[in-house]
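Step one of this worksheet: look at the structure below.
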Amino acid sequence: MAAVLGLALAPGSARAADPPVGDPSLKVAPISYAVLVDESGSLQGPDLDREKDAAALAAIGELSPESRVGVVGFGSGAGAKSPVDVVCPMTVVSDPAVTTCAGKLHARTDQEGNNTDIPAAIKQGVSMLRSAPAGQPKVLFVLTDGAMAVGPDEGYGNDQARIQGELDKGLTAALAEAKGAGVQIWPLGFGTGIDAAQLTRMADGGAPSICSERPEDKPKAKTVKDSGEVVDTLRKAFATARCAGVTQTDATNVDGEADLHVTIPAIATDVVIQVQKANEQIETTFFDPEGKQVANGPGFERRGQGSRTETLRISDPAAGRWRIHLKAPSGVSGPVSAAALWQGVVKSYVQLNPPQPAVGEPVRFSVFLQTREGNLTTKDALEGVKVAGHIEGAGIKADIPLKAGDKGEFFSEYKIPGGTSGQVSFTGTITAPGVAGNRDVKTVSVGGAPSPVGVEVNWGDSTIEPGGGVTGTVAWKVNDGKSHTLRVLADFDPALGLRITGAEKQVSAGADEFDFKLVFRDDIAKGDHTGRIRVVDTTDGDRVLYDSPRTVTVEPPPGFWDRYLWLVIGAVVLLALLAALFDFLRRRRRRSRLIGPIALSLYRDGQPIGVETRPLDDRAEAMWFRLDTTGYPPQLVPLYQQEPGNSWTVRRIAATGNLDVETPLGSHLQLDMGRPIEIEPGLALGFRDDRVAPGGPSGPPSSGDSYGPYGNTATATPTARPYAESAYGPEQPYNPYGPYGSGPGADPGPGSGPDDTTFGYGPPRT
């Protein structure tokens, strides 16, 4: 034991960190954004409607209700008419007004100025976004179906030859304003009249991405062939611009009822399911992965009901496949699409062990990923996540690769170089699709020698009933030969009434361990309760040797069904199996007793006489017949039921397959196939079983027995034979009285055959 502790708990040795707890204060960071919508005369048919749909989706489909949005229509200036229409000034997304402002967009007439003054639109958007709170991301989306163009007297002079140049200068100036104000520009062009190079110039001319330096996050222009792709394209651009993810779009044509589906990843903490409908009369219902219908309530917010654009905002959603049920009234149909915008609101959490590392001491540098509810630990939730470590201090500056460990930990073992003093910062940074770059920094003061005491805390079961307790074990090792007092400290909510038993221990040279227990009050609430556990050395100025969060889960005592459900299920299953076995055996035994397809015959002098008699029902367990010797030849007359004093009763012997024959007088004979038995002087009874395959062992196989085990037994061909020749054994001397008679056995006498007094031998009787 001491040797093991010597390796694991040597002062300064690194140990695996316990995972941190959730941070309820985490929330989606709000952004400020504006949507610039082309209202020029080049728009054809439903193009403007598609732009309205896209603008409405951007307005109410945002993740943070604290974000601010503006919507601007633009054309060109004509006379006193402004080239821009601010249909929705910068407004908090949660304001009901944003659900309808996109509907004010309209196609401009010649008198209103129906050309395309993109520089004026960008300047207007930048001006609106300047009011964004400090540090808040600012994004501008531009929707247009053509290149920028204006006519005389529309703000760029009257000289047609110089207008395009002036317009180009205006764009340069507008882009410079955007970059200076920190505004990203995401242009979207559709149709055949667009200038792709011009759109790319806009994207490059604004501010860079606020998400990361990855090329895929850089603002870029999007071009599509027609307005039908505008909504989906803007949705994807919006997700990239605000450091979010977006699910694959599902679409269908609704005529009656239909379903759409979106799959929400495990790392998502905030989601907006967006539904775009061709007709506002199509009703929408949302169901979570377990099939439960959801609506407005805690964690859910529906918007846009009764319009062409509907959304459902979800906090801490269940990961998996969500269903959107669509129902169109009679006479209404049209296309509907759905997708989900999502973000993982995750932050890094840096933890060091030992908490106060010394120079030359190994330290375990760990980074965890926290959400509102807890740390991420599953493989699905951590898919695509990258965590980078960085250490910096006096004389130290290094990037530290972190590798994935257990419980969602990303870690590295690091030894602080000799000569280091002062403060050292450990930084963990997260990057992942749908997750904004996030970092946590932990700064510690280093110097001096490592602590002479090393400790590790191991835990028992942390799930308790009210009034229960959690046991921990402090394993320690002391290297300096001096006496030290170790104390366990716990910081939990005072309302939990925590008591610690065995919290202090005086230790000296060597290695050992001691237990302590956290005991909570009897009325502690059900659920998770989190606090911090520290182990300090009181003889070394309360030096912290261990510091980590700990969560205790309280569950009520299990009820009867919780305790014994599987036992009851097992008993029921066992009883069902036994019942099935008994029923099988009962049926099998009954089948073995069935008369089956047999044929009874009368024999005289070893030869069959008369007509074969068969059961009236070969699935019955008995057959009856009457022996009629009044005519010639004698006959077996089948009966439907037993006639006392007159009928013979035949039953199957289950164990052997032979027949038990009860005479009218109540005596019994056992009848073997192929060995007739005398029932009257000179008259014998025998039978043939049609279930037995003819031909014996060399004959064809049996067709199977539906009545019992005997039909699969190959037997010698049941041909007529002298009574002494048994199909089941060697010849035996014949007893003319049968096995139940009282007369002496027949003696065949000397010679090659018996005399004619021996029944079954000699010439036929006359």
Side-chain angles (χ1 to χ4, degrees), residues 27-37 54-74 84-95 97-98 101-102 118-144 170-188 199-214 216-222 234-246 270 272 341 343 345 434-438:
K27 64 179 181 179
V28 177
I31 66 172
S32 289
Y33 61 103
V35 185
L36 309 180
V37 181
L57 189 67
I60 70 171
E62 156 59 5
L63 288 164
S64 171
E66 298 177 13
S67 292
R68 302 192 320 146
V69 61
V71 179
V72 177
F74 68 92
V84 296
D85 294 321
V86 181
V87 299
C88 184
M90 296 302 295
T91 308
V92 178
V93 167
S94 57
D95 193 320
V98 302
C101 62
I118 292 178
I122 292 176
K123 288 183 178 181
Q124 177 63 48
V126 171
S127 175
M128 295 167 64
L129 292 172
R130 287 185 187 277
S131 64
Q136 192 172 101
K138 298 181 283 290
V139 186
L140 201 59
F141 299 97
V142 182
L143 279 59
T144 181
L171 179 59
T172 300
L175 294 177
E177 284 188 33
K179 179 171 285 189
V183 177
Q184 300 177 53
I185 301 177
W186 293 76
L188 168 57
L199 298 179
T200 299
R201 177 185 171 192
M202 296 178 200
D204 293 341
S209 169
I210 49 87
C211 300
S212 73
E213 296 180 358
R214 299 182 306 171
E216 55 266 37
D217 290 335
K218 177 184 176 182
K220 58 183 66 68
K222 298 286 186 179
L234 179 61
R235 178 189 285 127
K236 294 175 181 177
F238 191 96
T240 306
R242 74 108 55 242
C243 314
V246 64
D270 294 84
V272 175
L341 184 73
Q343 190 173 70
V345 183
V435 177
N438 178 271

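Quantities reported herein were computed from a predicted structural model and do not represent experimental measurements.
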query = When you look at Ile210 and Cys243, which way does the side chain to side chain contact (heavy atoms under 4.5 Å, CB included) test go after all the steps?
reply = CA-CA 8 Å; Ile210 49 87; Cys243 314; 3.2 Å; yes

inquiry  = Applying side chain to side chain donor-acceptor pair (under 3.5 Å) to Arg201 and Thr172, what does each step give before you reach the verdict?
reply    = CA-CA 9 Å; Arg201 177 185 171 192; Thr172 300; 2.5 Å; yes

request  = For Leu175 and Asp204, run side chain to side chain contact (heavy atoms under 4.5 Å, CB included): C-alpha distance rounded to whole Å, both residues' side-chain angles, the deciding distance at 0.1 Å, then the answer.
outcome  = CA-CA 9 Å; Leu175 294 177; Asp204 293 341; over 6 Å; no

task = Show your working on side chain to side chain contact (heavy atoms under 4.5 Å, CB included) between Val69 and Glu62 and close with a plain yes or no.
result = CA-CA 9 Å; Val69 61; Glu62 156 59 5; over 6 Å; no

inquiry  = Under the criterion side chain to side chain contact (heavy atoms under 4.5 Å, CB included), I'd like the reasoning laid out for Glu177 against Arg130: C-alpha separation, chi angles, the key distance, then a yes or no.
reply    = CA-CA 10 Å; Glu177 284 188 33; Arg130 287 185 187 277; 4.0 Å; yes

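Rounded to the nearest 0.5 angstrom, Ile118 CD1 and Leu171 CG are separated by 7.5 Å.
Between the side chain of Gln343 and the backbone N or O of Val345, no donor-acceptor pair lies under 3.5 Å. In terms of modelled atom types and a separation under 3.5 Å, the side chain of Arg235 and the main chain of Leu341 share no donor-acceptor contact. Between the side chain of Asp95 and the backbone N or O of Ala97 there is at least one donor-acceptor pair closer than 3.5 Å. Under a 3.5 Å cut-off, the side chain of Arg68 and the backbone N or O of Ser131 do form a donor-acceptor pair.
Side-chain atoms of Ser64 and Lys27, non-hydrogen and from C-beta on, never get closer than 4.5 Å to each other. Side-chain contact check for Val28 versus Arg242: some heavy-atom pair is nearer than 4.5 Å. Counting heavy atoms from C-beta on, the side chains of Cys101 and Pro89 never come closer than 4.5 Å.
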Could you list the donor-acceptor pairs under 3.5 angstrom formed between side-chain atoms of residues 178-188 and any protein atom two or more places apart in sequence or on another chain?
residue, atom, partner, partner atom, Å
Gln184, OE1, Trp186, NE1, 3.0

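The two residues Ala221 and Thr200 have their closest heavy-atom pair at CB-N, 3.7 Å. Asp217 approaches Cys211 most closely through the heavy-atom pair OD2-CB, 4.0 Å. Between Met128 and Val86, the closest heavy-atom pair is CE-CG1, 4.1 Å. Across all their heavy atoms, Tyr33 and Ser67 have their closest contact at CE2-CB, 4.3 Å. Nearest approach of Leu129 to Ala34, heavy atoms of both residues: CD2-N, 4.1 Å. Here the closest heavy-atom approach between residue Ala54 and residue Leu143 is recorded as CB-CD2, 3.9 Å.
The side-chain contact (heavy atoms from CB on, under 4.5 Å) with Val87 is formed by just one residue from the set Val37, Val71, Val72; it is Val71.
No more than 12 heavy atoms of other residues, nucleotides or ligands shown are found within 6.0 angstrom of NZ on Lys218.
Phe74 meets the ring-ring contact (aromatic ring centres under 6.0 Å, His included) test with no other residue; sequence neighbours excluded. For the side chain to side chain donor-acceptor pair (under 3.5 Å) test, no residue two or more places apart in sequence or in another chain qualifies with Ser209.
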